[in-house]
Visitor: 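Starting off with a structure, shown below.
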Amino acid sequence: MTIRKLIIAVWVLFLIACIGIVVARPALFTPQKIAEFLSEFKNTLLVVYLAISLLRGFTLVPSTPVVLAGTILFPTEPFLVLLISIVGILFSSSMLYFFSDYLGFGKYLERKHPTKIAKIHNQLQKPTGAIFVMLWALAPFVPTDAVCYVAGVLRMNFARFIIAVGIGELTICSIYIFSYSQLPAIL
């Protein structure tokens, strides 16, 4: 077995386990539950939150619950939560971009969804491709990880890609963090 196949097998098993836990116990993945779990690491809470933010993309867990958990854990530090969230999202997006083809997503996506991949490919190749990525990252119910995989497989210009993801995610995370942190004042 090659190293690539071993990495893919371990990652797939890890994903299956994560999906199984999410399906079996979805209540564990609310922002409040994530915050409760993280608060158990009182002395290293910030480091644990940063690590989870950095590694979240490999589990395909959406960033929103992790971002909102940060606002619960650090209610007086919205800019810190925003910084950690954006660093984590950009790191995860970069890893997904660079490793998507290595892990075989290109062949899989082209075989499984040839029409959709062709449409996304056309959008990413246009001069407005970065705007497409930015709007995708900005959309609250669309998984940013999906566009990261496709952009990586298609080898979209990395600088344009990561700037677009950054702008979209900075905008949506700012909305999440600053509106969520204002909820106690409103209630």
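This is a predicted model, so every value here is computed, not measured. In what follows, every heavy atom counts, from backbone to side chain, and hydrogens, waters and symmetry copies are set aside.
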Visitor: Please find the pair of heavy atoms, one from K126 and one from R160, that lie closest to each other, and give the distance.
Guide: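 Where K126 meets R160 most closely, the heavy atoms are O-NH2, 3.8 Å.
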Visitor: Could you give the distance from CH2 (W136) to SG (C148), rounded to the nearest 0.5 Å?
Guide: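 Separation between the atoms: 10.0 Å.
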Visitor: I'd like to check Y176 versus T71 (side-chain heavy atoms, cut-off strictly below 4.5 Å). Are they in contact?
Guide: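 The answer is no; the side chains never approach within 4.5 Å.
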Visitor: Please report the closest heavy-atom contact between G88 and L54, naming both atoms and the distance.
Guide: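 Here G88 and L54 meet closest at CA-CD2, 3.9 Å.
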Visitor: Using side-chain heavy atoms (C-beta onward) and a distance below 4.5 Å, is I84 in contact with L46?
Guide: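 Counting from C-beta outward, I84 and L46 do come under 4.5 Å.
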Visitor: Is there a side-chain contact between I162 and S94 in this structure, where contact means two heavy atoms from C-beta onward sitting under 4.5 Å apart?
Guide: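 Yes, close enough: below the 4.5 Å cut-off.
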Visitor: For F98, does the CZ atom sit with more than 12 other heavy atoms under 6.0 Å from it, leaving out its own atoms?
Guide: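 Yes, CZ of F98 has more than 12 neighbouring heavy atoms, counting only those of other groups under 6.0 Å.
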Visitor: Nearest 0.5 angstrom please: I163 CD1 to F158 CZ, how far?
Guide: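 Result: 9.5 Å between the selected atoms.
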Visitor: May I ask you to check whether F132 and F161 place their ring centres under 6.0 Å from each other?
Guide: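 Centroid separation for F161 and F132: 6.0 Å or greater.
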Visitor: Verify, without hydrogens or angle tests, whether S92 (side chain) and I89 (backbone) share a donor-acceptor contact under 3.5 angstrom.
Guide: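 No.
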Visitor: Check whether any side-chain heavy atom of I86 sits under 4.5 Å from a side-chain heavy atom of C173, and report yes or no.
Guide: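 In short, these two side chains touch, coming nearer than 4.5 Å.
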Visitor: Of all the heavy-atom pairs spanning A151 and L124, show the shortest one and how long it is.
Guide: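 Distance-wise, the nearest heavy atoms are CA-CD1, 3.9 Å.
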Visitor: Please answer whether the main-chain N or O of V66 pairs with a side-chain N or O of Y49 as donor and acceptor at a distance below 3.5 Å.
Guide: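 Yes, the answer is positive, given that a donor and an acceptor are paired below the 3.5 Å cut-off.
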Visitor: Using the rule that two of Ile, Leu, Val, Met, Phe, Trp, Tyr join whenever any of their side-chain heavy atoms come within less than 4.5 Å, decide whether L90 and L80 are in one cluster.
Guide: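 Yes.
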Visitor: Determine whether F79 and L45 fall in the same hydrophobic cluster, where Ile, Leu, Val, Met, Phe, Trp and Tyr are linked whenever their side-chain heavy atoms lie under 4.5 Å apart.
Guide: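 Result: yes, single cluster for both.
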Visitor: Identify the two heavy atoms, one from I167 and one from T171, that lie closest to each other, and give their separation to 0.1 Å.
Guide: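 What the structure gives for the nearest pair is O-OG1, 2.8 Å.
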Visitor: Shortest non-hydrogen contact from A137 to I172?
Guide: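 Scanning both residues completely, I find the closest heavy atoms to be O-CG2, 3.8 Å.
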Visitor: Nearest 0.5 angstrom please: T64 OG1 to R56 CZ, how far?
Guide: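 Rounded to the nearest 0.5 Å, the OG1-CZ separation comes out at 8.5 Å.
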Visitor: Using the side chain to side chain donor-acceptor pair (under 3.5 Å) criterion, which residues pair with T144? Sequence neighbours excluded.
Guide: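 Checked T144 against side chain to side chain donor-acceptor pair (under 3.5 Å); matches are E169.
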Visitor: Please find the pair of heavy atoms, one from A159 and one from N157, that lie closest to each other, and give the distance.
Guide: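 Looks like N-OD1, 3.1 Å.
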Visitor: Linking I/L/V/M/F/W/Y whenever any side-chain heavy atoms sit under 4.5 Å apart, do Y97 and L55 land together?
Guide: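 Yes, same cluster.
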Visitor: Is any side-chain heavy atom of L170 less than 4.5 Å from a side-chain heavy atom of L82?
Guide: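 Answer yes - side chains close enough.
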